Amino acid sequence: VDCNSFFCSCERVFRPDLHNKPVIVLSNNDGCAVARSNEAKAVGISMGAPYFKIKNLCKQHNVHVFSSNYALYGDMSRRVMRSLSDLAPEIEIYSIDEAFISLTGFSEDNAFDHAKKIQEQILQHTGIPVSVGLGPSKVLAKAANHLAKKNNTPAKGVFSLMNTSLREKELQSFAVNDIWGIGRKSSEKLKSHNIHTADALRKSSESFIQKLLGINGKRILYELNGISCLNLETLDEAQKQIISSRSFGRPVFSLCELEESIAYHIHIAAEKLRQQELIAKSLIVFIHTSPHKNTPQYYNSAHGKLDSGTSATNKLIQTSFRLLKQIYKPTYEYKKAGVMLTDLTPKKFSQYNLFDTHDSPKDERLMQVFDLINQKEGPGSIKFAASGTKQLWKMSSKMKSPNYTTRWSELLSIPA
Ligand SMILES: [Mg+2]
C-alpha cells in the first residue's frame, strides 16, 4: 500500500483548491523538488530538480510550490497507517508513505475487493489517495503497485499480480530498474548481460544471478517467481534508535550556535523517546561540513554512555554538550549537526545499579509537565533556553504550509 505523491497529497487535503493542479514540495532549505503531483510531472519537473533551476518553469505553469512540512506529513502518515491497520491485522510500516500488509487466507477475488475497500477507507478517513498492489511476494506486490500507479489501470489504483498468466505477461515489459531492490548498479550489471526485464531476470539461472548480485539478487529472482523469501517485518519490538538532525539554513562556525542546534535536536529526540516510554543508555553527537562545497572538510562524532539510562531532556543536553566540546573545531564551516539516541530500553524494565544517577521522581515530573505544556499549547511552546531563542541557524522554509493537524493556533480556517 503506497500513498500517491504523498507530500503533495498531504498539502492538498487542506487545500482542496489545488486538486488537479500541479503541486511540488521542496526538500530541506527549499533545495530541490522531492515530491511532485502528476500534473507537475506532466509539465516536465523531474524528481530532485534544484528549485533555482525550475523556478521559471513553475511560474510559467502556475505550479504551487511548498517547503516541506514534516510535522504535517508525519502526522498524516500516522493517520494513514492507523486507518490501514483497522483493515489489516499484520502490517509492516516500510516508510513514511508505504506499508506491506498480509492478506493470507483471502481468495484472489476477495483480496482484490479488500484492496479496493482499503483504498476507499483510507481516502475517506484521511483524504490521502493510495495505490494497492497485490502479489504472492513483496517484490511482486511492489511491482503490482508500480503498475497500479500507471494511468489507465482498469480498477483505478489497485492492481493484482496474483494471476500467473497475467503476471507472465506483465513482467515481460517490466524494466529491471523498476524492480524493488534492484539499484542503479545492479540494473547496469543485469543490462550488460542482456537482462532488461523482470521476466528475463526471473528466468535466469539462480547461480549466475547469485554470482552477479549476491544472495539478495537470488532472493529477488525467487520473489519474482512468486516464492516469498522476504517476510513481513512487523514492528513488535521497540525502536532501536532515535535520530534527529537537519542541515543548517546558513553556514555555522561557532560552538555556541552548534550547541543551540544540538540542544534543539535533543529536545525533539527526547520527546519521541518519552512518547514511546523508552530510556536511552547512550548518545551520539555528530557535526559535519558540506560535502558539496569546496571548503575544508570535517566530519566527526562522539559517543557517550548515560549510566542506567535517561529520558530527561536536561540530562541529555548536559551530556551532549560535553560530547560536542570533544569534537568541535573552530574555523570549519559547518552544514549539519545531529544527535542519535541508542541503546534504548523500555523504561519499565530499566535496571538500576547502586551508584548510578538515574532519573529522579523530580526529573520525571518535570518532563511530564514539560510534555503536557507542549501537547496543549503546541510543539516548542516550552523549551530549554540552551536551544536558543532566535535559532538563526535553522533552515529556511519560506513556503511552508500551516501545521494544520498539530497546532491549535494553525487549524484550518474557512471563511464564512
Ligand atoms: Mg508514495
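Since we're looking at a predicted model, the values are computed, not measured. Counting convention: from 1, in listed order, for ligands and their atoms alike.
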Are the charged groups of K203 and E168 less than 4.0 angstrom apart, N to O? no
Any Lys/Arg nitrogen of R219 or E223 sitting under 4.0 Å from an Asp/Glu carboxylate oxygen of the other? no
Within-2.8 Å protein N/O/S contacts of the Mg ion (ligand 1): D2 OD1, C3 O, D97 OD2
Check: F174 ring centroid to H146 ring centroid under 6.0 Å: yes
Would you indicate whether K400, at its atom NZ, is surrounded by more than 12 heavy atoms from other residues, nucleotides or ligands within a distance under 6.0 Å? yes
Lys/Arg N to Asp/Glu carboxylate O, K116 vs D113, below 4.0 Å: no
Return the orientation label for the Y298 and Y334 ring planes: parallel under 30°, perpendicular over 60°, tilted otherwise. perpendicular
